[in-house]
J.: 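Pasting a structure here, questions to come.
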Amino acid sequence: TYGAGGLYDVTLIVRDNNSCNKADTVTKQLVLLNDSTLVLPSATVCFGSSVQIGFVSSDTSLTFQWQPPATLSNSSIANPVATPADTTLYLLVVSNGICSDSIYQQVNVVKDLLYAGPDTLVCAGSVVRLSATHTNTAVPLQYNWSPDALILSGDTTATPIVKITQPAILVVTATNSFGCTYTDSV
C-alpha cells in the first residue's frame, strides 16, 4: 500500500519453474492521486533554451492540464517542453475523473549579458589589459579569449593582457556551470 500520492515505480516479477524462461519482470510507473500537492524537482535552463518537464505516463485514463500554458509545447500532456523567458512555477493538475492532484514544478531561467568592454584605439605594439564583465555575478563564468596569437597572458580570465600588432577584433566566449554560453567582442 502507498500512504501518499506521487509517482511510484512498481515491479511485477512472474516466476514459472516449469518454463525455460523461469522468470519475467516488468516495471511500470504508477501515478497515485490523492488530492494532495506534490512538487517535482526543479529544472534549470539557459535563457532561450527548452527543457522537458513533468513525467512520463502511459495511463490513458488520466487527464493533464498545465498552467501557465503559454510557454509549453502542449499544456494537456504529462511531459511538455517548456521554453520560459523567466523563471516560472508551473502547476499540473492530474485527474482521473474522480479525484485530482496538483503537482508543481519550477523552471529556473539563467540570464546573463557579457560585455567585452569598449572598442579601443591603441598604437601598434601596445600592450593592453582587457576587461570583460557580466550582469549575473551570482553565476561565475569561465572565459576563453581569441585569437590566441594576440594574447600574452590570461586567455581564460576576464582580464587578459594582449599585444596589439595590427587592427584586430578580440572575441571572448564565456560559459557558466549550467552550460549557458555568451559571446562578445572588442
Side-chain angles (χ1 to χ4, degrees), residues 6-7 9 29 37-57 64-93 102-186:
L7 304 173
D9 288 329
Q29 190 174 64
T37 299
L38 202 66
V39 178
L40 294 175
S42 64
T44 301
V45 296
C46 305
F47 177 75
S49 297
S50 301
V51 64
Q52 191 158 28
I53 61 173
F55 58 92
V56 176
S57 175
F64 306 95
Q65 190 57 54
W66 287 90
Q67 291 294 328
T71 58
L72 298 175
S73 60
N74 185 336
S75 63
S76 60
I77 61 173
N79 58 338
V81 173
T83 312
D86 296 298
T87 295
T88 303
L89 180 63
Y90 291 98
L91 165 64
L92 170 62
V93 177
S102 297
I103 302 173
Y104 289 91
Q105 187 168 19
Q106 182 162 309
V107 176
N108 301 306
V109 177
V110 179
K111 293 182 178 182
D112 207 344
L113 293 174
L114 178 65
Y115 179 58
D119 291 343
T120 306
L121 293 175
V122 296
C123 296
S126 295
V127 174
V128 179
R129 178 180 296 273
L130 301 177
S131 182
T133 59
H134 65 108
T135 56
N136 186 354
T137 56
V139 180
L141 296 177
Q142 294 180 335
Y143 299 90
N144 189 10
W145 289 84
S146 63
D148 293 335
L150 300 178
I151 300 168
L152 298 176
S153 65
D155 65 324
T156 59
T157 70
T159 56
I161 297 174
V162 299
K163 184 172 184 176
I164 306 300
T165 56
Q166 61 187 6
I169 296 175
L170 286 109
V171 177
V172 60
T173 301
T175 305
N176 64 26
S177 59
F178 300 105
C180 307
T181 300
Y182 311 95
T183 302
D184 196 17
S185 61
V186 61

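Note that the coordinates shown come from a computational prediction; the quantities given were computed from them, not determined experimentally.
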J.: I'd like to know if the side chain of Thr156 reaches the main chain of Tyr143, judged simply by a donor and an acceptor atom lying under 3.5 Å from each other, with no hydrogens or angles considered.
T.: no
J.: Side-chain contact, heavy-atom cut-off 4.5 Å: Val81 with Leu72?
T.: no
J.: The criterion is side-chain hydrogen bond (donor to acceptor under 3.5 Å, both in side chains); which residues satisfy it with Thr71, sequence neighbours excluded?
T.: Tyr90
J.: Step by step, would you call Asn176 with Tyr182 a side chain to side chain contact (heavy atoms under 4.5 Å, CB included)?
T.: CA-CA 9 Å; Asn176 64 26; Tyr182 311 95; 3.6 Å; yes
J.: Under the criterion side chain to side chain contact (heavy atoms under 4.5 Å, CB included), which of Thr120, Val172, Val162 is the partner of Leu130?
T.: Val162
J.: Which heavy atom in Leu92 sits nearest to a heavy atom in Phe64, and how many Å separate them?
T.: CD1-CB, 3.8 Å
J.: Measuring from Asp155:CG to Trp145:CH2, what's the distance to the nearest 0.5 Å?
T.: 11.0 Å
J.: Rounded to the nearest 0.5 Å, what separates atom OG in Ser185 from atom CG in Leu114?
T.: 10.0 Å
J.: If every non-hydrogen atom of Ala168 is compared with every non-hydrogen atom of Leu150, which pair is closest and at what distance?
T.: CB-CD1, 3.4 Å
J.: Would you name the heavy atoms of Ser76 and Gln65 that are closest together and state the gap between them?
T.: CB-OE1, 4.3 Å
J.: Does Ile169, at its CD1 atom, have more than 12 non-hydrogen atoms belonging to other residues, nucleotides or ligands within less than 6.0 Å?
T.: no
J.: Under a 3.5 Å distance rule, please check whether Gln106 uses its side chain to pair with a backbone N or O of Ala43 as donor and acceptor.
T.: no
J.: Applying side-chain hydrogen bond (donor to acceptor under 3.5 Å, both in side chains), name anything that partners Asp112, two or more places apart in sequence or on another chain.
T.: His134, Thr135
J.: Please round to the nearest 0.5 Å and tell me the distance separating atom CD1 of Ile161 and atom OG of Ser153.
T.: 4.0 Å
J.: Could you tabulate the donor-acceptor pairs under 3.5 Å formed by side-chain atoms of residues 46-57, not counting sequence neighbours?
T.:
residue	atom	partner	partner atom	Å
Ser50	OG	Thr83	OG1	2.7
Gln52	NE2	Asn79	O	2.8
Ser57	OG	Asp59	N	3.3

J.: Are side-chain N/O atoms of Thr88 and Asp86 paired as donor and acceptor at under 3.5 Å?
T.: no
J.: To the nearest 0.5 Å, tell me how far Leu170 CG sits from Asp184 CG.
T.: 11.5 Å
J.: Please round to the nearest 0.5 Å and tell me the distance separating atom OG1 of Thr175 and atom CG of Leu141.
T.: 8.0 Å
J.: Which atom names give the shortest non-hydrogen contact between Leu91 and Ser102, and what distance separates them?
T.: CD1-CB, 3.8 Å
J.: If you round to the nearest 0.5 Å, how far is OG of Ser75 from CD of Gln67?
T.: 7.0 Å
J.: For Pro84 and Val107, which heavy atoms make the closest approach, and how far apart are they?
T.: CG-CG1, 3.7 Å
J.: Indicate the atoms forming the closest heavy-atom contact of Ser131 with Thr159, along with that distance.
T.: OG-CG2, 3.8 Å
J.: Using a 6.0 Å cut-off, check whether atom NZ of Lys111 has over 12 heavy atoms from anything other than its own residue.
T.: yes
